[in-house]
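My structure is below; once you've seen it, I'll send some questions.
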Amino acid sequence: MPELPEVEIIKQSLEKKVKYKTINNILVKNSNLRFKIQKNFIHHLKNKKILNISRKSKYLVIKLEGNIFLIIHLGMSGTLHYLKKKKNIFYTNLSFYNSMILPKKHNHIEIIFSEFKIVYNDPRRFGFFLIIKSDHELENYFKKIGPEPFDQSFSYNYLKNKFHRKDKNIKNFLLDQNLVSGIGNIYANEILFYSKINPLKKVKEISKNEITKIIKYSKKVLNNAIKKGGSSIKNFKNITGINGHFQDEFAVYDQKGKTCPTLNCNKKIIKLNISNRSTYLCKSCQK
DNA sequence: AAGAGGCCCTGATAGC
DNA sequence: TGCTATCAGGGCCTCT
């Protein structure tokens with residue numbers, strides 16, 4: 001579900017609630033997430049104060065006392081929910097992603113604080129929680145992950161080198177987290193539309209001018225999505241509170257059959273399947 | 001050895 | 001209404 005902008009929104013709201021707070025307890029109701037919850041998971045988190053919350057591409061990184069890091073990845077369907085305590089009862093107040101009422105099923109992990117708790121819900125269980133025990137190990141964990149579009153190292157020369165003689169198409173390149181991180185299927189479609197590049201174009205064929213556009217629009221699209229609070233699609237039925245609004249501005253994603261938003265282009269948006277991911281484009285604008 | 005596709009899993013929706 | 005098939009925001013693993 002969440003790509004870089006959604007994880008950034010979650011990070012910001014989570015930070016407000018949990019920074020400098022101490023974890024009282026952890027409840028693991030289902031340890032079978034993408035990866036099995038580690039054996040000493042609870043031990044490493046219990047009674048630890050949260051010192052910092054950061055985001056690395058689509059990962060949340062929570063730093064705790066004692067050089068312990070909790071990595072959370074939300075996979076396709078993971079959401080975090082803030083529940084406030086009143087007279088020893090936890091009330092749903094606000095979720096970090098969708099602001100929906102806490103679903104009845106698939107609440108796998110609860111992180112309990114004195115005045116509230118954070119509940120992790122994930123129907124598909126593609127997400128995971130992982131404990132990392134040192135700075136060194138953390139550095140190592142993210143070693144293979146490519147730069148995010150906001151990084152200095154996501155530069156013209158970086159892309160020029162990575163594109164050189166490579167047969168990969170540009171859509172798959174943007175989705176490969178080892179090459180550039182944080183972009184998922186929605187934003188890959190959007191970035192290529194604004195860059196006027198056909199998703200099937202081989203990266204070795206991409207021009208200098210197009211490289212510049214990819215860099216420009218990767219930042220622009222992601223930044224704009226963050227400003228709009230991310231994209232909330234496929235909402236649950238009972239929603240209260242804050243949603244993201246970027247889905248209202250999709251140029252091509254999920255817009256099959258609609259008219260291309262480019263001025264004076266009257267062609268329809270088409271849908272292709274590339275490596276089993278839905279791909280939307282305007283054949284006339286994207287060459 | 002790079003690159004494409006299968007697969008992990010549940011739920012929503014479309015079509016019959 | 002109720003069945004079946006298809007699809008979904010990710011990414012690891014296995015094939016070729």
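Every chain is numbered from 1, with letters handed out A, B, ... down the list of sequences.
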The criterion is ring pair (Phe, Tyr, Trp, His ring centres under 6.0 Å); which residues satisfy it with Phe90(A), sequence neighbours excluded?
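By the ring pair (Phe, Tyr, Trp, His ring centres under 6.0 Å) rule, Phe90(A) matches no residue at all.
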Remember a base hit wins even if backbone is also touched, and classify Lys171(A) as base, sugar-phosphate or nothing at under 4.0 Å, heavy atoms.
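Result for Lys171(A) = nothing.
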Output yes when at least one side-chain N/O atom of His106(A) is less than 4.0 Å from OP1 or OP2 of dG11(B), else no.
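For dG11(B), OP1/OP2 do have a side-chain N/O of His106(A) under 4.0 Å.
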Does a donor on one side chain and an acceptor on the other come within less than 3.5 Å for Tyr187(A) and Ser231(A)?
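Yes, because at least one side-chain N or O of Tyr187(A) sits under 3.5 Å from a partner of the opposite role on Ser231(A).
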For Lys228(A), check salt bridge (Lys or Arg N to Asp or Glu O under 4.0 Å) against everything at least two apart and list the hits.
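Partners of Lys228(A) under the salt bridge (Lys or Arg N to Asp or Glu O under 4.0 Å) test: Glu249(A).
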Only counting residues at least two apart or in another chain, list the ones meeting salt bridge (Lys or Arg N to Asp or Glu O under 4.0 Å) with Lys63(A).
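By the salt bridge (Lys or Arg N to Asp or Glu O under 4.0 Å) rule, Lys63(A) matches no residue at all.
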Which hydrophobic side chains are connected to Leu175(A), either touching it within the sub-4.5 Å cutoff or through other members that do?
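Its cluster mates, by chain and number: none.
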Name all residues meeting the ring pair (Phe, Tyr, Trp, His ring centres under 6.0 Å) criterion together with His73(A); count only those two or more places apart in sequence or in a different chain, and write none if there are none.
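Applying ring pair (Phe, Tyr, Trp, His ring centres under 6.0 Å) to His73(A) gives Tyr59(A), Phe128(A).
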Whole-angstrom distance between dC7(C) and dG5(B), as gauged at atom P:
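Those two atoms are separated by 15 Å.
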Report yes if a side-chain nitrogen or oxygen of Lys202(A) is closer than 4.0 Å to either non-bridging phosphate oxygen (OP1 or OP2) of dG3(B); otherwise report no.
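The answer is no; no side-chain N or O of Lys202(A) sits under 4.0 Å from OP1 or OP2.
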Roughly how many Å is it from CZ in Arg125(A) to C1' in dG11(B), rounded to a whole number?
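In whole Å, dG11(B) C1' lies 13 Å from Arg125(A) CZ.
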In the hydrophobic cluster built from side-chain contacts under 4.5 Å, what are the other members alongside Leu51(A)?
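Taking Ile, Leu, Val, Met, Phe, Trp and Tyr as members, Leu51(A) stands alone, with no cluster partners.
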Inter-nucleotide C1' distance (dA12(B), dG11(C)), Å rounded:
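Result for the C1' pair: 23 Å, nearest Å.
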Please state how far atom CZ in Arg124(A) lies from atom C1' in dG10(C), giving the value in whole angstrom units.
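Distance check: Arg124(A) CZ to dG10(C) C1' gives 9 Å.
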Pick the C1' atom in dG11(B) and in dC12(C), then give their distance to the nearest Å.
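Nearest-Å result for dG11(B) against dC12(C) at atom C1': 23 Å.
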How does DNA chain B look in dot-bracket form if you count Watson-Crick and G-U pairs under 3.5 Å, write [ ] for pairs that cross, and put | where a base pairs with another strand?
.|||||||.|||||||
dG9(C) C1' sits how many Å from Phe250(A) CZ, rounded?
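Distance, rounded to whole Å: 9 Å.
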Asn273(A) CG to dT6(C) P: how many Å, rounded?
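From Asn273(A) CG to dT6(C) P: 13 Å.
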Tell me which nucleotide among dG9(C), dG10(C), dG3(B) gets nearest to the side chain of Tyr253(A).
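The closest nucleotide is dG9(C).
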Protein proximity profile, nucleotides 11-16 of chain C - base contact B, sugar-phosphate-only contact S, no contact -, cut-off 4.0 Å on heavy atoms:
BS----
How many whole angstroms separate atom CG of Asp122(A) from atom P of dC9(B)?
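The distance from CG of Asp122(A) to P of dC9(B) comes to 13 Å, rounded to the nearest Å.
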Strictly by modelled atom types, are Lys49(A) and Thr22(A) linked by a side-chain donor-acceptor pair under 3.5 Å?
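Checked: Lys49(A)/Thr22(A) side chains show no N/O donor-acceptor pair below 3.5 Å.
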Proximity to the side chain of Phe126(A) - top-ranked nucleotide from dG10(C), dT10(B), dA4(B)
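Within the option list, the nearest is dG10(C).
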For His108(A) and dT10(B), what is the distance between atoms NE2 and P respectively, to the nearest whole Å?
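For the pair His108(A) NE2 and dT10(B) P, the rounded distance is 9 Å.
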In whole angstrom, give the distance that lies between atom CD1 of Ile71(A) and atom P of dG10(C).
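My rounded result for the distance is 18 Å.
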Could you work out which one of dG9(C), dT10(B), dA4(B) sits closest to the side chain of Asn172(A)?
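Out of dG9(C), dT10(B), dA4(B), the nucleotide with an atom closest to Asn172(A)'s side chain is dA4(B).
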Salt-bridge contact Glu110(A)-Lys117(A) (side-chain N to carboxylate O under 4.0 Å):
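Result for this pair is yes, salt bridge flagged.
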Qualifying residues under salt bridge (Lys or Arg N to Asp or Glu O under 4.0 Å), relative to Glu8(A), sequence neighbours excluded
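Glu8(A) satisfies salt bridge (Lys or Arg N to Asp or Glu O under 4.0 Å) with Arg55(A) only.
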Describe the nucleic acid contact of Asp176(A) in one word from base, sugar-phosphate, nothing, applying a heavy-atom distance below 4.0 Å.
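Answer is nothing: Asp176(A) stays at 4.0 Å or more from every strand.
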Among dG10(C), dT10(B), dG3(B), the one nearest Asn185(A) by side-chain distance:
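Closest of the options to the side chain of Asn185(A): dG10(C).
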Among dC8(B), dA4(B), dG9(C), the nucleotide that comes nearest once only the side chain of Glu3(A) is considered
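Nucleotide nearest to Glu3(A)'s side chain: dG9(C).
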Over how many whole Å does the gap from Met76(A) atom CE to dC9(B) atom C1' extend?
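Distance check: Met76(A) CE to dC9(B) C1' gives 10 Å.
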